[in-house]
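To start, the structure under review is shown below, and the notes come after it.
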Amino acid sequence: MNCKSTEKKIPYFLQDELDGSKLEEFVEHIETCPECKEELSIQFLVAEGLERLEEGNNFNLQKELVMKLEDAQHRISIHRTLWNILVCLEAAVAVAIVAALFVVFRMI
């Protein structure tokens, strides 16, 4: 993923609208690109900061952004785990089908 496409996805990330491989690509790029990480911080601070100021609440936006990125990493981990389980289940079904065919044709 390049910087231009990453920057376009920042609002979607902030609204929790990225899933699966799109979220993974986004987070990987953010973690390795200081310019995009800074742009993410700026957009997050502007969006969340204005809302919090209107509410009159105290806040630590840098900490909240770090937590949002950590949550994204956790969702990516869950997605990978579920994908691996799916692949294992598909393999098990394929083995069961081959075994059933072997038994059926052996009986003939």
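In what follows, residues are counted from 1 in the order of the sequence shown. On a predicted model such as this, the values are computed, not experimentally measured, just so you know.
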Take Met1 and Lys9, measure what side-chain contact (heavy atoms from CB on, under 4.5 Å) needs, and give me the verdict at the end.
CA-CA 11 Å; Met1 181 174 283; Lys9 288 183 171 55; 3.7 Å; yes
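- Here the straight-line distance linking atom CD1 of Ile10 with atom CG of Leu14 works out to 7.0 Å at 0.5 Å rounding.
- With values rounded to the nearest 0.5 angstrom, Glu28 atom CD is found 9.5 Å from Glu31 atom CD.
- A single hydrophobic cluster is seen to contain both Tyr12 and Leu45, as judged by linkage of ILVMFWY side chains at heavy-atom distances under 4.5 Å, directly or through other members.
- Partners of Lys22 under the side-chain contact (heavy atoms from CB on, under 4.5 Å) rule, at least two apart in sequence or in another chain, are Leu18.
- Contact of the Arg75 side chain with the Asp16 side chain is registered, since non-hydrogen atoms from C-beta on lie closer than 4.5 Å.
- Looking at Leu69 and Lys37, their side chains come closer than 4.5 Å, going by heavy atoms from C-beta outward.
- A chain of hydrophobic side-chain contacts below 4.5 Å, direct or via other Ile, Leu, Val, Met, Phe, Trp or Tyr residues, connects Leu101 to Val93.
- Hydrophobic cluster membership is shared by Ile97 and Phe105, with clusters built from Ile, Leu, Val, Met, Phe, Trp and Tyr side chains linked at under 4.5 angstrom.
- Applying the side chain to side chain donor-acceptor pair (under 3.5 Å) definition to pairs two or more places apart or across chains, those involving residues 77-93 are Glu24-Arg80.
- Here the OG1-CD1 distance, from Thr6 to Ile30, works out to 6.0 Å after rounding to the nearest 0.5 Å.
- Residue pairs satisfying the ring-ring contact (aromatic ring centres under 6.0 Å, His included) criterion with at least one member in residues 19-47, sequence neighbours excluded, are listed as follows: Phe13-Phe26.
- In this structure, Glu7 CD and Gln43 CD are separated by 7.5 Å, a value rounded to the nearest 0.5 Å.
- Leu65 has its side chain out of reach of Leu61: every pair of non-hydrogen atoms, C-beta onward, lies at least 4.5 Å apart.
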